There are 2 protein chains.
Amino acid sequence: MDNKYLQIYHDYAGKIESGALRPQVKLPSEHELSQQYGTSRETVRKALHLLSQNGFIQKIKGKGSFVLPIQQWDFPVSGLVSFKELSAKMGKPSRTRVIELEAMAADEELASQLRVNPAEPVWKVVRTRTIGGETIILDKDYFLQDTIPELTVEICEDSIYQYLEEVLDIPISFAKKVITVEEPTPEDRRLLDLEGYPMVVVVRNYVHLEDATLFQYTESRHRPDKFRFIDFARRHG
Amino acid sequence: MDNKYLQIYHDYAGKIESGALRPQVKLPSEHELSQQYGTSRETVRKALHLLSQNGFIQKIKGKGSFVLPIQQWDFPVSGLVSFKELSAKMGKPSRTRVIELEAMAADEELASQLRVNPAEPVWKVVRTRTIGGETIILDKDYFLQDTIPELTVEICEDSIYQYLEEVLDIPISFAKKVITVEEPTPEDRRLLDLEGYPMVVVVRNYVHLEDATLFQYTESRHRPDKFRFIDFARRHG
DNA sequence: CAGTGGTCTAGACCACTCA
DNA sequence: GAGTGGTCTAGACCACTGA
C-alpha cells in the first residue's frame, strides 16, 4: 500500500509516461490537487517535488506545474534500473547469458572495492547481454553472501534486482556510478562482440542498502558504440 | 540571503566537504537541530533531505542521520558543474582556450537540438580545455541570443556559467546529459591531443531555464582515457 | 487583483531501533 | 520505553505571474 504522496506521484507519472498527459499540459494547482485527493497541500507538494525531480514535470512559480517534453528514450533517467526493465522499455529482443556463478572469498582488490575484509564470502556473477543478435554488455556482479544466502542461475538469467527487491525484500537505497572508458581486457574480447572497437565503456556501480552498508559492486562493460547514458540533473541551492 | 533550510544545508555541506565532520559521524536529531536553528522540524527535514540527495548524509529510520564516506573525487556528483569549479576542486593547473566565438543563425540541426526555429540568432562558442599540458576536452556551446545579449572572449575564458548566474542572474534550473562514445571528427583530431585514441566521449548537455525554456546546447568532447563521470542515484517510490 | 507555487510553523501519529 | 526518522495536517505569509 502506497503512501498518499506516492499514490499521487504514481498516478501522474503513469499518466505522463503513457502519454495520456501530453507535454506542455498544465497540472491542476496544488490547492486543487489537495482537494481532489482529500489531502493537505504539503503532501501534494511532496508528490509534485518527486515528479519534478524525476523529470516528469516542471514547476514554475506563479504559473503552475507543466508536463515536460520527454522522448521515449528519456526513460529511465539516471537511476537504479535493471537490464530487464531497460530492455522491456526499449522493446528489443534481448538475452541474458550466465557465464559464471560461484560462491567465493573476496580477494584483496574486491574487498577494497566492497570495503570489507579480505576473504569475506561473496557471490560472483558474470553475465553477458545480447541485444539484436550482438553481445554488447558484460556484467560482473559481486554480492555479499551475508545479505544474499541463495542465488541460482535461474535468478541470474531473470533479474537479480527483482529478486532482491520483491523476493528477498532487501531495501536498496542508493547507488553511485562511475563511468570511464578503458581498454578491453582479454575477457572482454572473448565474451563480447567488440567488432574491432579498441575500447569499452566501464560503469562501476556501488550499491548501498538502507542502513548504508555497501553490499554490491558491479562492473558493467559495454561496447562503446552501443552505450548511452542519460543523466537528469537539477539545480538546488 | 539564504532560506532557513538552505542555511542549514550549506552549514552541513560545508562541514562535511571540508572534513570537519568525519564519515560515520551522527548528526544531531531533527528535534535537536530544529531547536538549535530555532526553526520547525519540517524545515530541518528539508535541509537533511537535500543533504541526503546530494550524497552527504544517509538517513536511517529509528537511528539518525550519518555522514557518508565520501572521497575527494566524489565531488561534484552529477550536476551542473562548470569546468572552472571542477578543475579548482581537482587542484590541477588548467587552461581554457577560446577557439571560436561568433554570433550566428542556427542551422537546421542546431535549431532542432535547441527546439527553436531555424535562423534563430545564437552564440556559438568553441573552447578547448588543457589540463596538465594535454588538451583533452573540446567544448562547443550554443546559447540563444535572446537570453544572452552580450558575450566576450574574456567571459568565455573564465566561466560562462558564473557569468550567467552571478552577473546576468539567469536562473538555470535543470539539465539533461546524454553520454555516448563516438568516432572523432576531423575537428576533434585537429584540436585535441588524442594520442591515437580512436574514440571520443561526447557529453551532450541540454540546459533549461526556470521557465522550462531550453536555452543552451553543449557538446563536450573528451579524450576517452581522461574521462570520468560520476552519478549518484537514489531510490524513490 | 486573484491565482500560483515557495517557505514555514506547531502540532500529530506512526514505524522503526535499541537498550 | 525513549528516541529516532517518515508521514501528514491546517493553517500562515511571501514572491511571482498574468489579466
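Residue numbering restarts at 1 for every chain, and letters A, B, ... go by the order of the sequence lines. Basis for what follows: all heavy atoms, side chains included, without hydrogens, waters or symmetry-related copies. All values derive from a computational prediction rather than experimental measurement.
A donor atom on one side chain and an acceptor atom on the other are not found under 3.5 Å apart for A:Asp141 and A:Tyr217. A donor-acceptor contact closer than 3.5 angstrom is absent between the side chains of B:Tyr9 and B:Asn3. Between the side chains of B:Glu150 and B:Thr152, no donor N or O sits under 3.5 Å from an acceptor N or O.
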Going 5' to 3' through nucleotides 5-10 of chain C and flagging B where a protein heavy-atom sits under 4.0 Å of the base, S where only the sugar-phosphate is that close, and - otherwise, we get BBBBBB

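Taking the six-membered ring where the residue is Trp, the centroids of B:Phe56 and B:Tyr12 are separated by 6.0 Å or more.
Using modelled atom types, one side-chain atom of B:Arg127 and one backbone atom of B:Cys156 make a donor-acceptor pair closer than 3.5 Å.
Atom pair A:Leu33:CG and C:dG3:C1' shows a separation of 14 Å (rounding to whole Å applied).
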